[in-house]
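These notes concern the structure reproduced below.
Proteins get letters first, then strands, A, B, ... in listed order; numbering begins at 1 in each.
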Protein chains: 2
Amino acid sequence: MTLTEEVARKKRISESTIHRLSLYFRALSLLEKEDYETVSSKELAKREKLTPAQVRKDLSFFGSFGTRGLGYPVQELKKRISAILGIDRTWRVALIGIGNIGSALVSYKEFMKQGFNIVKLFDNDQRKIGSNHKGIVVSDINNLAEEIREANIQVVIIAVPATVAQYVVDDIVAAGVKAILNFAPLNLRVPDDVYIRNENMSMELEYLSFAMVNNHTPKKVR
Amino acid sequence: MTLTEEVARKKRISESTIHRLSLYFRALSLLEKEDYETVSSKELAKREKLTPAQVRKDLSFFGSFGTRGLGYPVQELKKRISAILGIDRTWRVALIGIGNIGSALVSYKEFMKQGFNIVKLFDNDQRKIGSNHKGIVVSDINNLAEEIREANIQVVIIAVPATVAQYVVDDIVAAGVKAILNFAPLNLRVPDDVYIRNENMSMELEYLSFAMVNNHTPKKVR
DNA sequence: ATCGTTTTGTGAACCATTTCACATTTCTCA
DNA sequence: TGAGAAATGTGAAATGGTTCACAAAACGAT
Ligand SMILES: NC(=O)c1ccc[n+]([C@@H]2O[C@H](COP(=O)([O-])OP(=O)(O)OC[C@H]3O[C@@H](n4cnc5c(N)ncnc54)[C@H](O)[C@@H]3O)[C@@H](O)[C@H]2O)c1
Ligand SMILES: NC(=O)c1ccc[n+]([C@@H]2O[C@H](COP(=O)([O-])OP(=O)(O)OC[C@H]3O[C@@H](n4cnc5c(N)ncnc54)[C@H](O)[C@@H]3O)[C@@H](O)[C@H]2O)c1
């Protein structure tokens with residue numbers, strides 16, 4: 001068990017903290033490009049609309065990375081956070097459903113930059129199977145289990161219609177995949193040892209709608 | 001001021017509660033299709049991986065919609081929630097940046113179903129301006145302010161490269177738009193009276209990565 | 001070397017959200 | 001009509017997350 005792992009278990013790092021690590025990582029990437037050597041919790045907070053105390057507390061869960069009076073070393077902190085998030089490596093990703101959203105995702109370069117390499121595509125449409133997207137040939141969903149295992153896939157992105165998503169997930173789980181990012185708007189059943197996250201775009205639009213109709217003044221904006 | 005508005009102000013409804021209303025709405029739509037007349041907080045909770053107490057508490061912020069011993073009337077509750085969320089009406093939406101993700105979003109039927117009608121498209125690429133997507137002709141970004149006002153746009157979706165997103169947002173804000181959904185991976189500056197939400201896909205992948213590397217056992221899964 | 005300034009790291013206090021637990025209501029069936 | 005079962009609605013307790021406030025550390029200027 002790594003140190004980070006130990007910490008995460010003991011202190012029960014919250015989902016919000018993890019999400020904010022993503023924000024810090026993004027801000028640090030920019031600061032690095034802008035040739036900053038160090039950055040204070042104040043500046044980091046300002047850039048992501050958070051509070052300095054929040055930044056320091058989040059980081060303190062994982063160690064003590066800063067220098068009092070100076071701030072945090074940009075490059076070093078960025079490396080540390082990427083290690084904590086597990087994006088200091090590459091993950092082998094498969095994408096299932098090469099339709100509207102699937103095709104967009106294949107072309108999304110940010111994923112690759114953060115270590116998520118899409119190396120397999122699957123669909124069940126004969127017109128799509130065999131076609132080439134960004135150098136990857138679309139495989140037949142019927143060969144899912146076999147090809148997932150052969151290609152050593154660790155993460156699967158689901159971009160199929162909601163009506164078939166549960167069947168597809170069942171197959172993915174059976175093939176041994178433990179991490180799933182789901183774009184279909186429904187709650188998928190998976191065993192306890194499989195991590196699944198949902199990307200639900202309607203939710204954010206509905207939040208905007210609620211805010212407008214109710215004149216909502218939330219304590220915090222994400 | 002509506003009743004709902006009053007409630008939202010006084011009790012300071014949390015972001016999590018609002019997000020869960022979206023989940024309830026989704027579950028109720030399905031229950032309606034399955035011809036359920038009523039549903040208990042227990043069943044609703046099970047379908048969205050929440051607790052019955054959570055469901056009841058959330059709903060109780062807005063009124064008392066159920067019948068003891070019976071549960072909640074499916075159709076009625078669905079209507080109530082859509083009124084609370086402000087999706088019992090249509091919103092006029094413009095989409096800016098008709099690239100990979102933009103094109104996918106234009107074709108996404110769920111938005112329309114929930115009252116978000118994409119009625120305007122903008123881009124700055126001459127090859128795209130004038131082209132037709134799902135019956136909508138792409139406008140020149142240079143006419144943004146004028147056309148946004150003319151078309152009475154209330155919500156804007158941003159799908160342009162991160163490098164230009166701030167400029168685009170500034171123009172949108174100047175045109176009087178008060179609600180923005182942003183897909184570019186950066187924190188955009190907007191005045192306090194403008195609602196902005198970010199859709200950040202890397203965040204969820206990074207969460208999965210963190211979970212795998214750290215053997216994370218969160219209290220709650222979204 | 002010392003002083004004033006800056007900024008981290010972190011318990012403790014505070015605040016928000018979730019869960020508990022139960023009185024209350026309604027329904028069903030005898 | 002009454003008894004038992006089901007399930008809501010909601011204060012109160014428990015838990016979890018954020019902010020405060022300050023001691024400690026490091027730096028730069030003199
Ligand atoms: N389009 C969007 O912008 C958008 C946004 C958010 C969420 N989503 C969700 O993403 C999913 C896909 O949406 P879309 O607009 O890309 O739809 P789409 O119809 O364009 O694409 C779906 C793809 O899945 C393939 N497919 C169907 N059944 C399959 C199966 N059993 N195995 C493998 N592949 C199969 C189809 O051949 C098609 O290529 C839907 O669940 C949708 O709700 C879409
Ligand atoms: N592709 C994805 O799956 C994906 C996923 C998540 C987020 N995003 C984000 O969404 C944004 C768009 O990504 P994409 O992959 O669709 O890129 P893209 O390059 O395919 O599309 C961008 C579009 O914006 C247009 N554009 C550029 N400058 C403009 C301007 N000043 N005014 C109006 N239009 C302008 C371009 O002509 C192009 O059509 C990026 O910020 C990206 O990070 C993309």
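- Stacking of Arg47(B) on the aromatic ring of Tyr36(B) is recorded, both the 6.0 Å distance cut-off and the 45° axial limit being met.
- Between dT26(C) and Tyr72(B), no contact under 4.0 Å exists linking OP1 or OP2 to a side-chain N or O.
- With rounding to whole Å, Ile13(B) atom CD1 is found 9 Å from dT17(C) atom P.
- As a whole-Å value, the separation of Arg20(B) CZ from dT18(C) C1' is 8 Å.
- Taking the six-membered ring for Trp and thresholds of 30 and 60 degrees, Phe116(B) and Trp91(B) have nearly parallel ring planes, at less than 30 degrees apart.
- When the side-chain nitrogen and oxygen atoms of Gln54(B) are compared with OP1 and OP2 of dT19(C), one or more of them lie within a distance under 4.0 Å.
- Put simply, the side chain of Ser209(B) gets close to the backbone of Leu85(A): a donor and an acceptor are under 3.5 Å apart.
- Remark: P of dA16(C) and CD1 of Ile18(B) are 15 Å apart, rounded to the nearest angstrom.
- In terms of position on DNA chain C, the residue among Gly69(A) and Gly63(A) whose nearest nucleotide sits closer to the 5' end is Gly69(A).
- Atom CD of Glu15(A) and atom P of dG17(D) are 10 Å apart (whole Å).
- Between the CG atom of Leu50(A) and the P atom of dC20(D) there is a distance of 14 Å, rounded to whole Å.
- Between Ser16(A) and the phosphate of dG17(D), there is no side-chain N or O to OP1/OP2 separation shorter than 4.0 Å.
- The nearest heavy atom of DNA chain D to Arg56(B) and to Ala53(A) marks one nucleotide each, and the one closer to the 5' end goes with Arg56(B).
- Distance Tyr24(B) OH to dT8(D) P: 12 Å, rounded to the nearest Å.
- Contact annotation for Lys57(B): base contact, defined as any heavy-atom pair under 4.0 Å involving a base atom.
- Using a 4.0 Å heavy-atom distance criterion, Ser41(A) is classed as a sugar-phosphate-only contact.
- Using bins of under 30°, 30° to 60° and over 60° for the plane-to-plane angle, the ring pair Tyr207(A)/Phe210(A) lands in the tilted bin.
- Counting to the nearest Å, the P atom of dA5(D) and the CG atom of Leu70(B) are 17 Å from each other.
- For Arg68(B) and dT8(D), a side-chain-to-base donor-acceptor distance below 3.5 Å is present, hydrogens and geometry of angles not being considered.
- A straight line from CG of Leu77(A) to C1' of dT7(C) spans 15 Å, rounded to a whole angstrom.
- Phosphate contact (OP1/OP2 of dT26(C), side-chain N/O of Thr67(B), threshold under 4.0 Å): absent.
- Of the possible polar contacts, one joining the Asn214(B) side chain to the Ile84(A) backbone as a donor-acceptor pair under 3.5 Å is found.
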